[in-house]
Asks: 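Let me begin by handing over the structure; questions about it come next.
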Amino acid sequence: MLKPGIAIFRSFDKELARAFYVDYLGFSWDSEHQFGPNAPIYAMLSRDGCTLHLSEHYGDATPGSSMVVEIGDADAFLADLRSRGHPNANPDIQELPWGRQVKVADPFGNTLSFVEPKATT
């Protein structure tokens, strides 16, 4: 039995990551691990059943990675983002053949595409 995969995104700064993923995207910073006081951070985040990991460890992930997250209501999701605001993000809804997408890039060059799938008839 397969369960949903968990994306690992490369990050470089804990405070920038928290500001983007927690304050702006609304994820919970569930836990983090460091092997020592100056070691890179590995963090686990979640929101509404979506889980992702952030790693400052070289080799865990490549900057510029992408992830698609299915959402139920693109309008409500975008309204939530706009209510939180971010100085470097101003996403909108893109109408695509497979659904409605809200695409955002994190401060480390990773891209998250939040997609409300097109209804099938």
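All values below come from the heavy atoms of this structure, side chains included, with hydrogens, waters and symmetry mates left out.
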Asks: Between E70 and P117, is any pair of side-chain heavy atoms under 4.5 Å apart?
Replies: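 The answer is yes; the side chains approach within 4.5 Å.
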
Asks: Donor-acceptor pair, distance only, cut-off 3.5 Å: does the side chain of E56 make one with the backbone of I41?
Replies: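 Checking the backbone N and O of I41 against the side chain of E56, a donor-acceptor pair under 3.5 Å is found.
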
Asks: How long is the straight-line distance from CD of Q101 back to CG of L96, given to the nearest 0.5 Å?
Replies: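 L96 atom CG to Q101 atom CD measures 5.0 Å (nearest 0.5 Å).
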
Asks: Please examine the side chains of H53 and T51, heavy atoms only from C-beta on, and report whether any two atoms are closer than 4.5 Å.
Replies: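 A side-chain contact under 4.5 Å exists here.
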
Asks: Is R82 salt-bridged to D92, going by a charged N under 4.0 Å from an acidic O?
Replies: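 Here R82 pairs with D92 in a salt bridge, since their nearest N and O are under 4.0 Å apart.
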
Asks: Flag yes if L78 and L112 sit in one hydrophobic cluster, no otherwise; membership is Ile, Leu, Val, Met, Phe, Trp, Tyr, and two members link when side-chain heavy atoms are under 4.5 Å apart.
Replies: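 As far as the 4.5 Å side-chain criterion goes, L112 and L78 are connected within one cluster.
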
Asks: Same hydrophobic cluster for V22 and F114, using side-chain heavy-atom links shorter than 4.5 Å among ILVMFWY?
Replies: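 Yes, because V22 and F114 connect within a single hydrophobic cluster, where side-chain heavy atoms sit under 4.5 Å apart.
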
Asks: Given the rule that I, L, V, M, F, W and Y join up when any side-chain heavy atoms are under 4.5 Å apart, are F27 and F108 in one cluster?
Replies: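 Per the 4.5 Å side-chain linkage, F27 and F108 are not co-clustered.
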
Asks: Would you please classify the geometry between the Y24 ring and the F20 ring as parallel, tilted or perpendicular, with 30° and 60° separating the classes?
Replies: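 Rings of F20 and Y24: tilted, as their planes differ by 30° to 60°.
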
Asks: Evaluate the side-chain proximity of R100 to Q94: yes if any heavy-atom separation is below 4.5 Å, no if none is.
Replies: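 A side-chain contact under 4.5 Å is absent here.
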
Asks: Look up atom CD in E116 and atom CG in D73, then write down how far apart they are to the nearest 0.5 Å.
Replies: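 It is 5.5 Å, given to the nearest 0.5 Å.
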
Asks: Hey, is the main chain of S66 close enough, under 3.5 Å, to the side chain of N110 for a donor-acceptor pair?
Replies: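 The answer is no, because no donor-acceptor pair under 3.5 Å joins these two groups.
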
Asks: Tell me the closest heavy-atom pair linking P63 and F12, and the distance in Å.
Replies: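 Heavy atoms only, the tightest pair is CG-CZ, 3.6 Å.
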
Asks: Is there side-chain contact between L81 and V102, with heavy atoms separated by less than 4.5 Å?
Replies: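 In short, these two side chains touch, coming nearer than 4.5 Å.
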
Asks: Quick check on the hydrophobic clustering: are I8 and V69 connected, directly or via other members, by side-chain heavy-atom contacts under 4.5 Å?
Replies: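 No, no single cluster joins them.
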
Asks: Same cluster for V104 and L54 if Ile/Leu/Val/Met/Phe/Trp/Tyr side chains link at under 4.5 Å?
Replies: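 Same hydrophobic cluster.
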
Asks: Using a 3.5 Å distance criterion without hydrogens, assess whether the side chain of D23 forms a donor-acceptor pair with backbone atoms of R84.
Replies: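 Not confirmed, D23 side chain does not pair with R84 backbone.
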
Asks: Do NZ/NE/NH1/NH2 and the carboxylate oxygens of D13 and R18 come within less than 4.0 Å?
Replies: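 The answer is no: the pair does not qualify as a salt bridge.
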
Asks: Kindly give the heavy-atom pair with the smallest separation between P40 and Q34, and that separation in Å.
Replies: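 Result for this residue pair: O-CG, 3.6 Å.
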
Asks: Could you grab the distance from atom CG of D106 to atom OG1 of T111, nearest 0.5 Å is fine?
Replies: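 Between D106 CG and T111 OG1, I get 7.5 Å after rounding to 0.5 Å.
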
Asks: Tell me whether K14 is salt-bridged to E32, with the criterion being a basic N under 4.0 Å from an acidic carboxylate O.
Replies: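 Salt bridge flag = yes for E32 with K14.
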
Asks: Over all heavy atoms of both residues, which pair between R47 and F77 is shortest? Give the atoms and the distance, please.
Replies: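 Looking at all heavy atoms of both residues, the closest pair is NH1-CE1, 3.7 Å.
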
Asks: When you look at Y42 and D60, which way does the side-chain hydrogen bond (donor to acceptor under 3.5 Å, both in side chains) test go after all the steps?
Replies: CA-CA 10 Å; Y42 190 95; D60 273 356; 5.6 Å; no

Asks: Are C50 and M67 close enough that some pair of their side-chain heavy atoms sits under 4.5 Å apart?
Replies: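 Yes. Closest side-chain heavy atoms under 4.5 Å.
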
Asks: Let me confirm one number: the CG-CG distance from N88 to L16, rounded to the nearest 0.5 Å.
Replies: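 So the CG of N88 and the CG of L16 are separated by 9.0 Å.
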
Asks: When rounded to the nearest 0.5 angstrom, what is the spacing between CG in D80 and CG in D75?
Replies: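 The CG atom of D75 is 12.5 Å from CG of D80, to the nearest 0.5 Å.
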
